[in-house]
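Beneath this line is the structure, given in structure tokens, with notes to follow.
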Amino acid sequence: MNRTIQILTGIWIAGVTVAAFLWLPPAEGFRSPETARIVVFHVPCAILTFVAFLVNAVYSWKYLRSRDPLTDSQANAAAELGMLFAVLATVTGSLFAMEQWGSAWNWDPRETSIVMLMLVYAAYFVLRGAVEEKSKRARLSAAYALLAFPAMVFLIWILPRVVESLHPTNTLFSRSGLDTEYRITLWSFFAGLMAIFVWMFRLRLRVELAEARLRQQSQRVTQPESQLAGEIR
């Protein structure tokens, strides 16, 4: 993402945030109509959580087919961003719950499911940290990510809809859900957040590639002089 797009994305996010507080009317029917605006930030974070873990599964599948180390790095970067957006969704959701339901945590099915989801992907990072050999780590991580994907879909899209919940089930795709102003603001914020996701994904890969080059240079420096001489010949 070049500098111009980064600036435009920042302006877009700032504009949508201002619109959320100055243009959106208070949401009728809520205990705290003013703070109901949190939903336009909370829901996009939750959707980006799904998108990031979906990308993780796609690159994991590609790694198992190609054994390309780059796809392993891409899968890992997507999982890291998925965890980040899951935390943001949890924090914004807790703020919404505190204002609307009187408590930041109610053990609602959606609240419980996102905790379970973070535990599933925390295990992914534990697995990556526990295996030193790169190809074995990538192979096991990719297999685990593909096994975690159905659980992720179940926890985000199915479980909260088959049990009673404080959360509404028709927020996004039903005309009886959000008002038009809220729908426009929510999806506008999602578009900006998606651009940030792409930027952070590419930035994470660049950092990992830079770290890999530094490790290679360090290994070459520490090699015995005789070995270096052999490579030169």
Side-chain angles (χ1 to χ4, degrees), residues 1 5-55 80-118 121 152-153 155-161 163-201:
M1 182 182 291
I5 297 179
Q6 290 177 17
I7 293 173
L8 291 176
T9 300
I11 294 173
W12 179 267
I13 289 287
V16 174
T17 302
V18 170
F21 289 98
L22 299 182
W23 178 62
L24 274 186
E28 297 180 359
F30 284 85
R31 174 182 174 183
S32 176
E34 293 287 345
T35 59
R37 296 182 175 93
I38 297 172
V39 73
V40 302
F41 307 109
H42 166 65
V43 174
C45 290
I47 299 173
L48 255 297
T49 301
F50 169 76
V51 171
F53 289 140
L54 173 63
V55 173
E80 290 176 349
L81 291 176
M83 186 64 82
L84 171 63
F85 284 109
V87 171
L88 291 175
T90 304
V91 171
T92 53
S94 295
L95 292 173
F96 181 89
M98 186 166 57
E99 293 294 329
Q100 304 300 334
W101 304 327
S103 174
W105 197 260
N106 300 275
W107 293 109
D108 180 78
R110 283 184 186 268
E111 295 173 340
T112 306
S113 64
I114 200 165
V115 171
M116 294 171 66
L117 181 66
M118 288 192 285
Y121 282 91
M152 184 271 290
V153 173
L155 290 170
I156 290 182
W157 296 107
I158 299 176
L159 177 62
R161 287 171 171 76
V163 295
E164 291 187 6
S165 173
L166 294 170
H167 289 73
T169 58
N170 59 350
T171 303
L172 294 177
F173 306 111
S174 171
R175 292 184 177 179
S176 60
L178 293 173
D179 292 340
T180 302
E181 294 92 338
Y182 274 79
R183 198 182 298 275
I184 292 172
T185 308
L186 186 152
W187 286 112
S188 298
F189 188 74
F190 172 78
L193 214 56
M194 188 71 195
I196 291 178
F197 169 81
V198 173
W199 172 68
M200 294 179 69
F201 180 78

- Side chain proximity check, Phe85 to Leu193, heavy atoms < 4.5 angstrom: yes
- Note on the structure: Closest heavy-atom pair, Pro26 versus Glu34, reported as atoms and distance to 0.1 Å, is CG-OE2, 3.3 Å
- Query: Which of these, Ile184, Val16, Val40, sits in a side-chain contact (heavy atoms from CB on, under 4.5 Å) with Phe189?
  - Reply: Val16
- Message: Restricting to non-hydrogen atoms, name the atom on Glu111 and the atom on Ala104 that form the minimum distance, rounded to 0.1 Å.
- Response: OE2-O, 4.0 Å
- CG on Leu8 to CD1 on Ile13, rounded to 0.5 Å: 12.0 Å
- Query: Is there a donor-acceptor pair under 3.5 Å between the side chain of Trp105 and the backbone N or O of Ala97?
  - Reply: no
- List the atom of Met118, the atom of Ala86, and the distance in Å for their closest heavy-atom pair. CG-CB, 3.8 Å
- Find the distance between CD1 (Ile38) and SG (Cys45) and round it off to the nearest 0.5 Å. 11.5 Å
- Item | From Thr92 atom OG1 to Phe41 atom CZ, the distance as rounded to the nearest 0.5 Å | 10.0 Å
- Classify the ring geometry between Trp187 and Phe190 as parallel (under 30°), tilted (30 to 60°) or perpendicular (over 60°). perpendicular
- Hey, are the side chains of Met152 and Phe53 touching, using non-hydrogen atoms and a 4.5 Å cut-off? yes
- Item | Distance in Å, Glu80 CD paired with Phe201 CZ, rounded so as to fall on 0.5 Å steps | 10.5 Å
- Message: Checking side-chain contact (heavy atoms from CB on, under 4.5 Å) between Leu117 and each of Thr90, Leu159, Ile156, which is the one that passes?
- Response: Ile156
- Hey, what do you get for CG (Leu88) to CE (Met83), rounding to the nearest 0.5 Å? 12.0 Å
- Query: Can you tell me how far the CG atom of Leu155 sits from the OG1 atom of Thr49, to the nearest 0.5 Å?
  - Reply: 12.0 Å
- Message: Are the side chains of Leu81 and Leu84 in contact, using a 4.5 Å heavy-atom criterion?
- Response: yes
- Item | Counterpart residues, side-chain contact (heavy atoms from CB on, under 4.5 Å), relative to Pro25 (two or more places apart) | Glu181, Tyr182
- Item | Exercise: identify the closest heavy-atom pair between Ala191 and Trp12 | CB-NE1, 4.3 Å
- Query: Do the side chains of Phe50 and Val153 get nearer than 4.5 Å, heavy atoms only?
  - Reply: yes
- Nearest atoms (heavy-atom pairs only) where Thr9 meets Gly192: CG2-O, 3.8 Å
